[in-house]
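All remarks here apply to the structure that follows.
Heavy-atom basis, side chains included; hydrogens, waters and symmetry copies ignored. No experiment lies behind these values; they were computed from the predicted model shown.
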Amino acid sequence: MPVTVEIPKERWTGSIREVTLGATAEQGGTRAKTVTVGGETTLPFLHFEGEMPHTPIVGIEVQDSYPADWSPVLLAAWGDVLNDPAAWAKKAEEIGADVIMLKVRGADADGNATSPEQAAAVIQSVLQATGLPIIVRGPGQAELDNKLLVAVAEAAPGERLALGLCEDKNYRTIVAAALAHDHLVVASSPIDVNLAKQLNILISDMRLPLERVLMDPTTGALGYGIEYSYSVMERLRVAALTGDGMTQQPMVCFVGEESWRQKESRTAEGVPAEWGDIEKRGITWEIATATALLESGADIVVLRHPETVDVVHETISKLMAH
Amino acid sequence: MALSGLQIYKLLPKTNCKDCGYPTCLAFAMKLAAKQASLDDCPHVSAEAKEALSAASAPPIRLVKVGTGAREFQVGNETVMFRHEKTFFHHPGLALRVKDTEDAGAVAEKVKMVNDYSVERVGIEMTFNAIAIENASGDPGTYADAVKAVRSQTALPFVLMSDDVDALKAALDVEGDHKPVLYAATVDNWEAMAGLAKGKQVSLAVRSQDGLDELADLATKLGDAGVEALVLDPGSRDLGESLAQVTQLRRLALKKNLRLLGHPIIAFAGEVADTEEGEIVATTQFIAKYAGIIVMDRFDPAVAYPLLTLRLNIYTDPQKPISVDPGIYDFNNPTADSPLMTTTNFSLTYFSVAGELDGSGIPSWLLICDAEGMSVLTAWAAGKFDAETIAKAVKTFNAGDKLSHKKIILPGHVAVLSGELEEELPGWEILVGPREAVDLPAYLKQL
Ligand code: SF4
């Protein structure tokens with residue numbers, strides 16, 4: 001007697017909000033195209049039980065000055081463009097970025113502090129160099145972030161940039177800048193479901209529509225806390241699909257930054273032979289981190305190595321085909 | 001399926017004799033249902049009731065043992081869909097596949113590499129677990145020779161791969177009782193495979209060519225034929241379809257209590273992808289999502305190390321904080337003039353910093369603060385690594401007594417704490433170190 005297995009499907013009641021990055025000329029910006037993420041009605045890539053109307057996307061990280069502290073593997077892969085954020089952004093678009101993540105470092109390689117005017121100038125030059133939507137991040141220190149990101153927001157009104165990091169310490173300033181100049185925010189919280197929810201509540205209390213909020217649950221790289229990020233993202237996604245309105249934001253993971261920080265991706269000499277070749281090891285570190293986080297709910301993964309970009313694009317298209 | 005208290009009660013003697021220590025059989029049944037008592041406490045329970053109850057309390061995904069001796073590993077017995085619900089228990093076994101058509105010298109080299117490979121992370125030795133040997137030649141004699149040769153090179157467990165029962169039988173004859181997994185029973189050969197697996201008491205993988213219905217059908221037949229330890233290959237070699245299949249299998253076992261599909265899963269990362277990067281992606285997916293054995297076709301330390309690290313991370317018990325003891329640690333025989341650094345007691349943070357300090361050759365002290373096992377940034381954000389915590393640790397562990405100077409180096413990520421710490425530690429000079437551990441040696445050199 002033939003057996004028929006009834007495929008078990010969850011009946012999710014919630015869905016992820018759709019968030020659109022960038023604005024075209026018609027919409028008040030200058031982007032060649034916009035990109036929308038979110039909209040899921042099921043867990044990642046489970047097409048048999050729900051929809052993933054928008055494909056997860058790949059961002060490429062660009063910095064406003066030469067990243068002397070980057071892994072030699074990355075410096076070699078990118079070469080000269082690293083000296084010029086506009087050329088770098090253009091190259092990133094060529095090799096397949098869906099969005100650019102511009103990081104304003106706060107100081108150049110010689111330690112000279114970045115002024116708000118410089119931050120404004122760099123966003124303008126990157127906007128001219130690429131037609132892609134842009135995520136802009138400050139150095140990651142609340143006060144400095146406020147100063148630089150407000151300048152960036154003012155310099156690019158209507159572009160629907162995603163401004164980050166917008167944290168509990170500085171969300172008022174960043175959200176106000178997003179409201180005043182028509183941008184989005186990247187709401188960032190330290191690997192905690194309740195803190196993530198709380199921040200979304202605070203942001204929406206300021207009347208920024210949640211359709212303009214991306215969520216950064218804080219990325220831990222492989223070997224450096226990936227399991228925490230992985231599980232917090234799964235919990236957030238399950239909560240969202242179960243109908244918790246304050247967890248329904250698309251998630252962005254800064255995979256490249258975290259994967260290329262440590263010794264494993266930076267050091268060729270004086271490490272155990274079992275670690276193998278530095279270049280392959282570093283790229284594998286980034287591929288594995290990106291893949292695991294896509295499977296736990298990332299809508300945007302921001303990467304650093306060009307080869308990872310190709311592999312992750314292919315992975316996403318395989319997982320989206322059905 | 002777990003039974004309710006009332007269902008259990010029906011199976012008990014109903015005499016209320018109290019020998020179990022509970023006032024009534026019903027009270028005892030309730031405790032059993034809540035898993036707070038053991039059936040052994042009732043001396044009067046019938047054999048049938050025992051069987052019914054133990055079947056009901058059997059794990060929803062069967063535990064399968066692979067191999068023998070020191071390299072034996074166990075897979076299955078998983079109880080949750082998401083690791084945050086409890087934990088994932090048994091690391092998936094990673095296997096490298098070789099074929100009996102490959103040059104014997106090349107095979108020996110690969111086997112040696114996998115056999116000898118061991119890499120340490122946070123004090124844990126990580127290794128590959130098995131060799132899969134495929135009968136690509138189609139010839140039983142050639143296959144048995146290849147299996148015998150590899151067995152002389154390693155004690156690792158085997159996955160023996162052939163659709164030809166005769167080839168597997170020949171291989172089992174030379175393999176003895178090392179408890180390999182036989183791969184695989186299919187619609188075409190299941191009866192003979194069942195006989196072989198049962199006779200030799202080994203676990204048997206079953207491969208469907210047509211989705212979960214066929215898999216369930218085969219699993220039923222094999223169960224009826226008396227094969228208990230099964231390993232499931234739902235059949236797809238497409239990345240997305242595989243994800244759907246393994247998710248469905250785990251759900252059927254855990255949520256629908258479908259015993260006949262409650263077995264560990266075997267996945268073939270090398271068949272899902274035709275590039276090395278694709279194999280990395282597939283292996284990542286199978287580690288995160290529900291495989292019990294993952295067969296790869298390539299081995300490179302630069303890939304093995306990250307993937308073994310991922311496995312360790314995903315299978316870490318989320319409830320268990322991973323931390324080291326707060327206190328003062330010394331590196332390279334420091335003196336009173338050596339620098340003092342501080343950081344949190346998150347074990348990864350500690351191991352990253354300790355590795356750098358140790359490797360730098362520079363004598364130094366490291367003060368580990370009790371930040372509830374969180375990393376520097378997380379602890380700082382949560383208020384567990386602030387000036388007060390650090391000052392308290394300096395005092396508790398009498399850091400000043402070890403030093404001729406009064407300087408302490410903060411992690412760069414918490415530079416903002418400098419001012420407050422100066423207030424908390426009068427007379428101390430607060431220095432700001434690098435953000436990342438990897439930059440510590442360079443920092444210490446220029447100090
Ligand atoms: S020992 Fe057995 S029979 Fe006696 S009360 Fe307990 S459950 Fe009932």
Going from [atom1] on [X] to [atom2] on [Y], what distance comes out if it is rounded to the nearest 0.5 angstrom?
{"X": "B/Tyr305", "Y": "A/Glu264", "atom1": "OH", "atom2": "CD", "value": "4.5 Å"}
{"X": "B/Leu239", "Y": "A/Leu319", "atom1": "CG", "atom2": "CG", "value": "4.5 Å"}
{"X": "B/Phe286", "Y": "A/Glu295", "atom1": "CZ", "atom2": "CD", "value": "9.5 Å"}
{"X": "B/Asn313", "Y": "A/Ser231", "atom1": "CG", "atom2": "OG", "value": "10.5 Å"}
{"X": "B/Leu243", "Y": "A/Leu46", "atom1": "CG", "atom2": "CG", "value": "5.5 Å"}
{"X": "B/Asp300", "Y": "A/Asp277", "atom1": "CG", "atom2": "CG", "value": "7.5 Å"}

- A/Lys263 and B/Glu436: salt bridge (Lys or Arg N to Asp or Glu O under 4.0 Å), yes or no, with the steps? CA-CA 9 Å; A/Lys263 190 168 186 166; B/Glu436 305 301 337; over 6 Å; no

Which portion of [X] sits near chain A, non-hydrogen atoms under 4.5 angstrom:
{"X": "B/Leu215", "answer": "neither"}
{"X": "B/Ser118", "answer": "backbone"}
{"X": "B/Phe346", "answer": "side chain"}
{"X": "B/Tyr117", "answer": "side chain"}

Where does [X] contact chain B at under 4.5 Å (heavy atoms): side chain, backbone, both or neither?
{"X": "A/Val232", "result": "neither"}
{"X": "A/Ile278", "result": "neither"}
{"X": "A/Tyr224", "result": "both"}
{"X": "A/Ser189", "result": "neither"}
{"X": "A/Pro8", "result": "both"}

[X] atom [atom1], over 12 foreign heavy atoms within 6.0 Å:
{"X": "B/Lys112", "atom1": "NZ", "result": "no"}
{"X": "A/Lys147", "atom1": "NZ", "result": "no"}
{"X": "B/Gln446", "atom1": "CD", "result": "yes"}
{"X": "A/Lys318", "atom1": "NZ", "result": "yes"}
{"X": "A/Glu143", "atom1": "CD", "result": "no"}

- Indicate yes or no: at least one non-hydrogen side-chain atom of A/Lys280 is less than 4.5 angstrom from one of B/Val303. yes

- Does a side-chain heavy-atom distance below 4.5 Å link B/Arg251 with A/Glu10? yes

- Item | Minimal non-hydrogen separation, B/Leu212 against A/Val5, with atom names | O-CG2, 3.7 Å

- At their closest point, which heavy atom of B/Thr309 faces which heavy atom of A/Gly223, and how far apart are they? CG2-CA, 3.6 Å

Counting heavy-atom pairs under 4.5 Å with chain A, which one of [options] comes out on top?
{"options": "B/Ala381, B/Ala382, B/Ala216", "result": "B/Ala216"}
{"options": "B/Arg435, B/Glu277, B/Gln285", "result": "B/Gln285"}
{"options": "B/Ala288, B/Ala437, B/Ala304, B/Ala273", "result": "B/Ala288"}

- Task: For each of A/His47, A/Glu49, A/Met320, tally heavy-atom pairs with chain B at distances under 4.5 Å, and name the one with the top tally.
- Result: A/Glu49

Taking 4.0 angstrom as the limit, do [X] and [Y] come out as a salt bridge?
{"X": "B/Lys289", "Y": "A/Glu234", "value": "yes"}
{"X": "B/Asp439", "Y": "A/Arg266", "value": "yes"}
{"X": "A/Glu274", "Y": "B/Arg121", "value": "no"}
{"X": "B/Lys256", "Y": "A/Glu6", "value": "no"}
{"X": "A/Arg235", "Y": "B/Glu85", "value": "no"}

- Query: Which of residues 306-315 of chain A get closer than 4.5 angstrom to chain B, counting heavy atoms alone?
  - Reply: A/Glu307, A/Val311, A/Thr315

- Note on the structure: Across all chains, not counting sequence neighbours, the side chain to side chain contact (heavy atoms under 4.5 Å, CB included) partners of B/Ser236 are B/Asp238, B/Glu241, B/Ser242, B/Gln245

- Item | side chain to side chain contact (heavy atoms under 4.5 Å, CB included) against B/Thr284, all qualifying residues, sequence neighbours excluded | A/Ala288, A/Thr291, A/Ala292, B/Ile280, B/Leu307, B/Leu310

- Cation-aromatic face contact B/Arg83/A/Tyr228, 6.0 Å, 45 degrees: no

- Task: Please name all residues satisfying salt bridge (charged side-chain N to carboxylate O under 4.0 Å, His left out) with B/Arg311, sequence neighbours left out, ordered by chain then number.
- Result: none

